[in-house]
Every structure is written in C-alpha cells, then in structure tokens.
Amino acid sequence: MDFFWNFLLSCFPDSPTFSSFMSERRKPYPFDVIEPKWQSLWDERRLFHAPNPGEPSFDPALPKYYVLDMFPYPSGTGLHVGHPEGYTATDIIARYKRLRGFNVLHPMGWDAFGLPAEQYAIRTGQHPEITTRKNIARFKTQLKRIGFSYDWEREITTTDPAYFRWTQWIFLQIYNSWCNPETRRAEPISSYTGEDPDSVRLAYVAEVPVNWCPELGTVLANEEVIDGKSEVGGFPVVRRPMRQWMLRITAFAERLIDELELLDWPAGIKLLQQNWIGKSEGAEVQFVAGGGYDIIVFTTRPDTLYGATYMVLAPENPLVDRLTTDAQRKAVADYRAQVSAKSDLERTDLAKEKTGVFIGAYATNPASNERIPIWIADYVLMGYGTGAIMGVPAHDERDLEFARAFALPILDVVQPPEGETPTGYTGEGVSINSPLIDGLPTPEAKRRIITWLAEQGLGRRTINYKLRDWLFSRQRYWGEPFPVIWRDGKHEAIPESELPLVPPPLDDFKPTGSGEPPLARARDWVRYSEEATRELNTMPQWAGSCWYYLRFCDPGNSGRFVGKEAERYWMAGAPGFWTAAAMPPDTVPAASKPALVSPEPAHVSSEPTLVSSAPGPVSSRPAPVSSEPAPASSGAALVSSGPAPVSSGPASISSGAAPFPGNLHPSPQERHPIPGDLHPFSEAAALCPRGGVDLYVGGTEHAVLHLLYARFWHKVLFDLGHLSTSEPFQRLVNQGIILGEDGRKMSKRWGNVIDPLDVIADYGADAFRCYEMFMGPLEQMKPWSMTGVEGVSRFLARVWRLVMAENQAGEWMLSPAVAEVEPTRAQQKVVHATIKKVTGDIEALSFNTAIAQMMIFVNAFTGSAIPLQAMRTLLLLLNPFAPHLTSELWETLGRRFPITPNEITSQPWPQEQAEFLIEDEVEIVLQVNGKVRDRILVPIAASNAELEAVALANDRVRAFTAGKTVRKVIIVEKKLVSVVVN
RNA sequence: GCCGAUGUGGCGAAAUGGCAGACGCAACGGACUUAAAAUCCGUUUGAGAGAAAUCUCAGUGCCGGUUCGAGUCCGGCCAUCGGCACCA
C-alpha cells in the first residue's frame, strides 16, 4: 500500500491539501487528495479536448455531441452554488456521451463586457480589463475545482480582441445586408436595387425615443428597463429622442415565430418568445380626415369598423400638428407637454384613468360615412401599429373606458352569443348594424370587410408585431466599438482589415453627461481621417453572447469567425463524418470484457448506416454554405411547405415531415430504431429536423432576450451562407434556481450565499456535484440544505468503502471483500435494474432518481462480498456524477485486477441484459372494488383464468366478497386482479 | 387583468390511470465503543382496534366528475411563484 501514498506524495509534493489531510479531522474518504490528483491528470492528458476535423487526433467515426452552458458574466462576487447546477447537469451529459462514444464539445467562456465592470471602474478608477481578468481567474478556479470536463483549450472571452474582432465583423455582415421581402431572407445589400440602401440595411441609424438613464449616462433597451427603472442600479429612466443604431430584427419576426416549432424547447419558453414577438393579424384601414390628410389605423377587428365612433392618435404622432384646429391648439400642446413629462412608469401607473384631448378635427368612417371626432390620448402608443386607432367602444375595453370618460357615442356592432350583453363584449359573434356584413360571424365578417376595403383602396390585410427593432447602441466604454465612421453626416463601414477595432485607452470612464459616450474623450482615436470621425457608441452586452456558441467550434481561427468545416461538423454533423465506411467496427476500446455486459450498443455505428442508405437529400446534398441562397433549405420554406417535395424513403413519408437539406443530421425517424438510444424528446419534437447545439442549459431569465437575439443573428448568418443550420440551439433546458437554506433567493442582502468552494472543502467536489443533482428535478426551484450534502457525501463514502478498507495504521487499502466472484441472481437483478434506470434517467435529465437508484445499489451490496464486475459497473454508472471518486477506485481495482485499458474514461457504457431482469414469479395485487386486499406471488406464466381463480379463492378477497355478487373481474397483466362486487 | 408553472409526511422528493410516500435528510431506538464521533441494523402519515403478529378507516391544496380503480384524466375554485401588462 505504501506505493500508493508515495505515488500521491510524488504527485503533490507541495500540495497544501495533502498535508492538511494528515492533520485535520478524518474525512469520510480522502476526497481532498484524490480530487486534485485527478483534476491535474485530466489536464495533463488533455482528456477532455474535443478534436476538430483536421486535427491529428480527430476520429471521423465518432458522432458529435455539442452540449453547452450559458456562459457566465464574471462578476466580482464569484459563483454561488446556484450557478453550477446547470453546469453539473451538462457535465454529466458530456461525460456520459463520451462514455457512449461521442466526440463531445463541452466548452466554457466569459461574457465579460458589461456595465458592472464599468461601474466599478468609474468608482475606483481601475481599468475594467483588470477587474475582468481578476474575476475570470476567480470563476475559473471555482469551476476547475468542481471537476467540470470542459475543453479549456476552447476558452473564449468576449472582451478579447481576437474574439470581438469577429463580433465586429458580424456587425458588418448585418450592416451590409438587407431583408428581401420577397424571399424573407437576408441578402447582401448589393442585391438591393432601390434608391437608398441605407433605408433598408439590417443595421441602421434612427432618431428614436429611447430610454435615457441620466444616472448611468446611457440609453437602455426596453428589456433593460423594469417598472420605469434601470435593471442595473434601479435608476430612473426617461424618454428622450436620440440618434441610435438599430438592428432590424422585426424583419425576421415571422420566421422567429415559425421556426420555434422545430425546436426541442420547453413549451413555456416558446410561448414567452411568441408573446414577446406578439404577432397579431388584422387590417390597416384608411380614414380621411379634414384637410385631405389620411389617417391609417391598424385593427385586429376590421369587422367592427361600423362601430368606430371616434379616432385616437398617439400624442407623439406627427399628424397631430397638421390636424389640430387653432381653437384646440393650446389644449393639445398642454396635453402633449404633460404626457412627455411623464416617465414610462408614471404613464403606465396612472393608466387606470383614461386621459385625452379632442384636437378639433374630424375624420370620416369609410364604412358608415359618419363624421367622427379625432382625439389624442396616451393610451395609444406611437410605437405600435400606425400610432393611431379607430375607437370602437362597444367591443374594446380600453375604448369603452375612454368613451365613457369623455361621453363619446357607443354603437354595438357585434351580437354576442346568448346571455351576454353586446356593449363591452370583445369576443366573436355575429355582425349587426353593419350593412355590408350584417349577419356574418366574426371570422367571415373580417374577410368580407377586408375584401371590400381593398376593392375601395381603403385598406388591406396586415400583420403587426409587438416586437420592436433592437436598439443596439450604448453610450458606454466597456463594449465593442462600432466598426463605423462618419463622413459628411453619413455612416460608412471601416474595412475588414482594420478589425479588430480596439477601444482607446481612457482614464475616465464616466459618461460625459451630455449623452455623448465616454469614447468622445479619446480625441485622437475619434479622429479617423481629415474628414471622418469614428462612431462613439459601443455595442450592448448581448452582442458578444449572440454568437459565442459558434466561436467555441473553432476558437483559434484567425481567418474566419468559425471555420466552415468545424461549423458544419459541430452544428450540423457533416455528411462525410456520418458514412458507414468511415466507421471502424469497434470504435470503443475494451469492449470485449465478458462480465461487464455487452459492448457499446449499436447506436454509434447504426446511425451512419441508416443515413447513407437513405435515398433522399439528407445524405446526398452538401450543406448550403455557398453564398447563393437556397430557398428550399430555409426554415421558412419548411414551415410553409405542405407535402414533402422530395421522397426520402418510407421513414420521411410516414412521418409527414419535409426533408431538410440544410440540416444534415439523420432525421429522428432514422435515429429511432437504434437500440439503446433512448429518446427523451416528445413525439412531436421527434418529427422535427435537428441541428445546432444539441443541448443548451441555462436560466429562464434569458428566455426572451439572449435567445431571441442569438436566433436573429444566426438566421442572418445562415441566410448569407455562413452557416449550415437555421437555428442555433436545438434543445433547450432551463434549470431552476437554487434558494438559500432559509428558502429565500441567495443574495448578499440575506447573507445566505453559499460558495461552492466552502462546500467542497468540507465534502469534496463529487459530493457537491451529486448533491446539486440529488436535490430534485433540474427544472425546479429548490432550497439548499447542508445536511442534504452530508447525506450524499455519506453515500459516496459508502461507495468508497465497498472497495476500500482501512488497515491498522489507518491507511485505506483495497478491501478484501472485493473478489472475482459471480454476483448472486438477486445481485444481478439489482445491477441490471440500475444500469437500465441510470441510463434512462440520464437521457431524461432525471439525475435525482438516477442517484437514488445507485443508492439502492449500494445499500444492496453493503455488508456482502463485492463481486468485481458488479462494482465496476457501478463505478461506470456513477462516473459522470462523481468522476474523481470513481476514477480513483477504478484505478485501484485495476492494480489488483488488471484490465486493458485501465482508464475508466476508455470503458464502454454498460448495457443491461434483459435476462437478469426477468422474474420467475411476480407479485400480484388483489383488489376488491378498487381497494387493495392482498398481495400474492404467482408464476410469471400464470394465465388470466388462473389468476382469476386464485384471486377469487383468496381468503382475504373472500372476506370482502362474501354475500355479494361478483360483477366483473379485471386483470392487468403482471400487476393486479381487481374484483368488482355490488 | 392576461399567460405559464407549482401545490404529496417534520423537510428535499418518488410514483407508463393499478401497492401513495422509492431514495435522502431530520427524529427516535438498537449494535459496536470506557465514552463520543464515525459506522452498521431498525422504527417513523394520521385516527381507531388488538397482548401481539396484524387489521380497519381516512389521507397527495379545495369542491365536483369520469373510471372497477385517480397524486395522475376532465370541469370549477383557492394559494404560491414566474412572465407580460393600455400592443388596438
């Protein structure tokens, strides 16, 4: 045994943890020694490096799996135990997938631009780069100590010029594109034939009312304003028109909704995005106002046109100036002043009572030809629709309130179903008082009136979105500078050769207060040439996180934002890597050990076979990476297409899913028959083509913004031919937040924050990881419990002691209980039930129940002789959860019972054998009238007739059936017999 | 107000419409120990009956329904949490 300690000592001659182990109170097992040992061994051996196509160690036979965490903002406070919850889940998946023979991309990086670092710099004068570097180091230490199997060679930081060079490059791609309304796709601006390309660019400059936060000296996106205050700091925010960079995300609104359908995301998150985009179908209707001005309104209820008894314009609507009569000019001016003085908060807060002013003008209702008054009111928003509405008080709540407040006429035009009063009814019914459409049900009435309006040239069907264009500029220092200059009042892109454009050095990061960004202080930097100056704004924090998952595929590439081949491999799974020919017969080493169940299940090799034999476009078409847009490969085409355009074999036909040439994954139909490949996906989702990141785990707080922005950028890059999938994240899972022990949200304020490193110091990283997963379902919110950690730690110690025993001197050595013996039949049953349960639970991300099953295993083997093979199986199953402990025990076992190769990470994942799960006898529940009365053991082969006879003859059953008539006997195979009596 | 999620022992939780509470924590009892810790073995939803093994009844937020049988499915409420909130 001595050599064991000598070996450890030689590994860590100066390790403080080792010496502390000797002095401190005895640990349940020496995690403080073995965890650092394995962590440095993994580093040395580059064990978790995922080779890219082209690298010498790249094995084209392995299928790829891309599992991603939402990368953190490295704050000054470090991680608390809530952060690693999702990271632990993905790490288990990553390690599991590697054991199943996948080439796994599992990276980590830093979303390091952002306001807190800049705020800190303003307070302390310390450059944000310094604090950022410090914070990253702290985060990384914490993550490494937890034993995550990240490929650290792929680490990226958004503030690194080698990274943001490409963020800026992507901005230029967006700047140099427009969305062709015919194809609904992004195209190079050169394909635009109109007069003014600047009016259609996907990145454009506009004078827009923005959320100006004087305290922060910057503009904020709508999403960063919460209840009229800044999300960061909680400072007041006011509306103010400013010149800003905008990204035309609204051009993609339709696709961003439609293509959600293809994704394995939680239904709730999809709904959130849908609601955020807020699609509503309706019509634009033109009203003619006095002086010949047209007022166009948007309505989702054109069928109520006859009921429009007044109009309302948004106070900011420019038409107000032209329409207001002299008599009303003062009242209107007063009202507008009053409205603009209100912050957004006040405006919504005081929304209970409707306010407004008549502007003196009238318009004509195009249907009824009635003369109706025009008002302004702040309940009509300039930013939605046309900034004007027709007031239909009878069938719209807000209009009704307004009409009642100002005594405007109310005309019922929809007859509701019986029992409802027409006035105030907003549902569907039958049109009344509407000559053109009287008697028609609402949907038909809408169609008819739109047709009529169109014939008259007075309106048309339209769709509106709540989604606004993305306000993309910030008046900050610590962000990516725009690669743009201004010359003669016009913007221009700088040449790509000048990227990266690095922010100038500054001593003072404070906002200038005038709305001019801090970059204005760097006079020399700002002066681009004699005639041109640089753009002073910087990009928002979202920019860097919009594409980091792409950079991870090829982080060192200096010639492209991501190499084509790397992108195709990791995001789509390129066809060349999926052919059967390329697949060696036995990709996983050591698959032939007899007792360790069967070799790697066939899924690895059967997938490519199925793909290459499919006659359809899936296997034959190259990825659409050419710059020429291929409509058939767009998600839009997929969504709108009816029948599949190309026959791709029986699987696709029966599924009804259209082939998806842009996505080169095998379709789920083809994946399905693969043995051992358990599909956690829903049936509907299984019909969707797959592509992008295979599993993306993060918090719900990014449900809308980050995910929507990333999808938008991805689609632009896809349309321009730079990417091979139209969606970035195929499968998304949200982890629930972890509360403090007091049940409150973890925060400094409550003093309930727990540092992972403190937990690890007491219980070890493996216990920490297992407890994070054992707490409950991943998606659920749950409170932390230190005694819970202790329980899990006890479980791991029991595993340790199955293999190890202490000698007289208090040294751990291989336990004599471990032997090469056949497990008993009962033990075999536990072993194989555990393989089955753990495998299925990992696939379903149900880690808590997987751990529970392994606890059952350990309970069953505690106190008995330990059959070597059973033990090895347990270590493999537990390895993704507790990698250090299992690696150490595996190695120790291998010294006494050598196998080749001996690394636990080179073993095949165990496969359960059904024969060990088959029972001779089965317990049957006997019920009378649905209540359990007895349980009996019967031979598995018992027939229904036999079961019925046994049940009816059973004493306990007869006690409850005596004197009654048996009406029915229900038999559920292998489960129960239910006797129904009256 | 609208949308979504969740409600099960003292606590975290588990349960393809078929034995409610697996597994873990806490508590209690026992073994080992001079003792403690650690470890190992038990008990642990409530009420009632019994000397006891056991047995009966009730029980998954509330009310109702479907079913031989409901934590699970359906309808109606209540509570907590999250999101949206004058989006025409």
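Residue numbers begin at 1 in each chain, while the letters A, B, ... track the order of the sequences. Quick caveat: nothing in here was measured; it's all calculated off a predicted structure. Just the heavy atoms: all of them, side chains too, but no hydrogens, waters or symmetry mates, feed the values below.
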Is there any protein nitrogen or oxygen under 3.5 Å from a nitrogen or oxygen in nucleotides 40-43 of chain B, and what are the pairs?
residue: B:C40; atom: OP1; partner: A:Arg798; partner atom: NH1; Å: 2.7
residue: B:C40; atom: OP1; partner: A:Arg801; partner atom: NH2; Å: 3.4

Note to self: Let's see if you can work this out: which of B:A88, B:C57, B:C86 has an atom nearest to the side-chain heavy atoms of A:Tyr379?
What the structure shows: B:C86

Margin query: Rounding to an integer number of Å, can you tell me how far A:Glu401 CD sits from B:G1 C1'?
Written below: 11 Å

Notebook entry, point to check: A:Lys931 or A:Glu397: which one's nearest nucleotide on RNA chain B is closer to the 5' end?
Noted result: A:Glu397

Next item on the list: Using the C1' atom on both, measure B:C25 against B:U44 and round to a whole Å.
Entry: 13 Å

Next item on the list: Nearest whole angstrom, please: distance from the P of B:C81 to the CG of A:Leu739.
Entry: 12 Å

Check: Partners of A:Arg801 by salt bridge (Lys or Arg N to Asp or Glu O under 4.0 Å), sequence neighbours excluded?
Finding: none

Note to self: Applying a 4.0 Å non-hydrogen cut-off, can you work out what A:Gly278 is touching in the nucleic acid: base, sugar-phosphate, or nothing?
What the structure shows: nothing

Check: Is the distance between the ring centroids of A:Tyr310 and A:Trp375 less than 6.0 Å?
Finding: no

Check: Which pairs, with at least one residue in residues 266-278 of chain A and sequence neighbours excluded, count as a salt bridge (charged side-chain N to carboxylate O under 4.0 Å, His left out)?
Finding: none

Margin query: Tell me the interatomic distance from A:Asp934, atom CG, to B:C55, atom C1', rounded to whole angstroms.
Written below: 12 Å

Checklist line | Distance, rounded to the nearest Å, where A:Lys279 contributes NZ and B:C3 contributes C1' | finding: 19 Å

Check: With syn defined as a glycosidic torsion within 90 degrees of 0 and anti otherwise, which applies to B:G9?
Finding: syn

Next item on the list: Looking at every strand, decide which applies to A:Asn848 at a 4.0 Å heavy-atom threshold: base, sugar-phosphate, or nothing.
Entry: sugar-phosphate

Next item on the list: Would you indicate what A:Phe960 reaches in the nucleic acid, counting non-hydrogen atoms under 4.0 angstrom: base, sugar-phosphate, or nothing?
Entry: sugar-phosphate

Check: Counting only Watson-Crick or G-U wobble pairs whose two distances fall under 3.5 Å, which nucleotide matches B:C86?
Finding: none

Check: Which of parallel (below 30°), tilted (30 to 60°) and perpendicular (above 60°) describes A:Tyr379 and A:Phe402?
Finding: tilted

Margin query: With a 3.5 Å limit on both atom pairs, tell me what B:A70 is paired to, counting Watson-Crick and G-U wobble, or say none.
Written below: none

Notebook entry, point to check: Heavy-atom distance under 4.5 Å between the side chains of A:Asn859 and A:Arg798, does that happen here?
Noted result: yes

Margin query: Taking salt bridge (charged side-chain N to carboxylate O under 4.0 Å, His left out) as the cut-off, I'd like each qualifying pair that reaches into residues 698-707 of chain A, sequence neighbours left out, listed once.
Written below: none

Next item on the list: Return the value, rounded to whole Å, for the distance between atom CG of A:Asp378 and atom P of B:C86.
Entry: 11 Å

Notebook entry, point to check: Applying a 3.5 Å limit to both distances, which nucleotide forms a Watson-Crick or G-U wobble pair with B:U56?
Noted result: B:A47

Notebook entry, point to check: Side chains of A:Met854 and A:Phe881: does their closest heavy-atom pair fall under 4.5 Å?
Noted result: yes

Margin query: Considering every strand and a 4.0 Å limit on heavy-atom distances, what is the contact class for A:Thr700: base, sugar-phosphate, or nothing?
Written below: nothing

Next item on the list: Scan A:Met781 against the nucleic acid and name what it touches under 4.0 Å (heavy atoms): base, sugar-phosphate only, or nothing.
Entry: sugar-phosphate

Check: With a 4.0 Å cut-off on heavy atoms, is A:Ile856 in touch with a base, just the backbone sugar-phosphate, or nothing at all?
Finding: sugar-phosphate

For nucleotides 16-21 of chain B, list the nitrogen or oxygen atoms of the protein found under 3.5 Å from its nitrogen or oxygen atoms, one pair per line.
residue: B:U16; atom: O4; partner: A:Lys975; partner atom: NZ; Å: 2.9
residue: B:G18; atom: N2; partner: A:Gln927; partner atom: OE1; Å: 2.6
residue: B:C19; atom: O2; partner: A:Arg935; partner atom: NE; Å: 2.8
residue: B:C19; atom: O2; partner: A:Arg935; partner atom: NH2; Å: 3.2
residue: B:C19; atom: N3; partner: A:Glu923; partner atom: OE1; Å: 3.2
residue: B:C19; atom: N4; partner: A:Glu923; partner atom: OE1; Å: 2.9

Next item on the list: Could you state the atom-to-atom distance from CG of A:Leu796 to C1' of B:G24 in whole Å?
Entry: 12 Å

Checklist line | Residue list, ring pair (Phe, Tyr, Trp, His ring centres under 6.0 Å) with A:Tyr306, at least two apart or on another chain | finding: none

Notebook entry, point to check: How are the rings of A:Trp800 and A:Trp812 set relative to one another: parallel (under 30°), tilted (30 to 60°) or perpendicular (over 60°)?
Noted result: perpendicular

Item checked: Distance, rounded to the nearest Å, where A:Gln853 contributes CD and B:C23 contributes C1' -> 9 Å

Notebook entry, point to check: Partner of B:U16 by Watson-Crick or G-U wobble geometry, both contacts under 3.5 Å, or none?
Noted result: none

Note to self: Under 3.5 Å for both donor-acceptor distances, Watson-Crick or wobble: does B:C32 have a partner, and if so which one?
What the structure shows: none

Check: Can you tell me how far P of B:C3 sits from CG of A:Leu272, to the nearest Å?
Finding: 14 Å

Notebook entry, point to check: In whole Å, what separates the P atom of B:U60 from that of B:G21?
Noted result: 14 Å

Next item on the list: Taking the side chain as every heavy atom from C-beta outward, state whether A:Phe406 and A:Pro373 have any pair of such atoms under 4.5 Å apart.
Entry: no

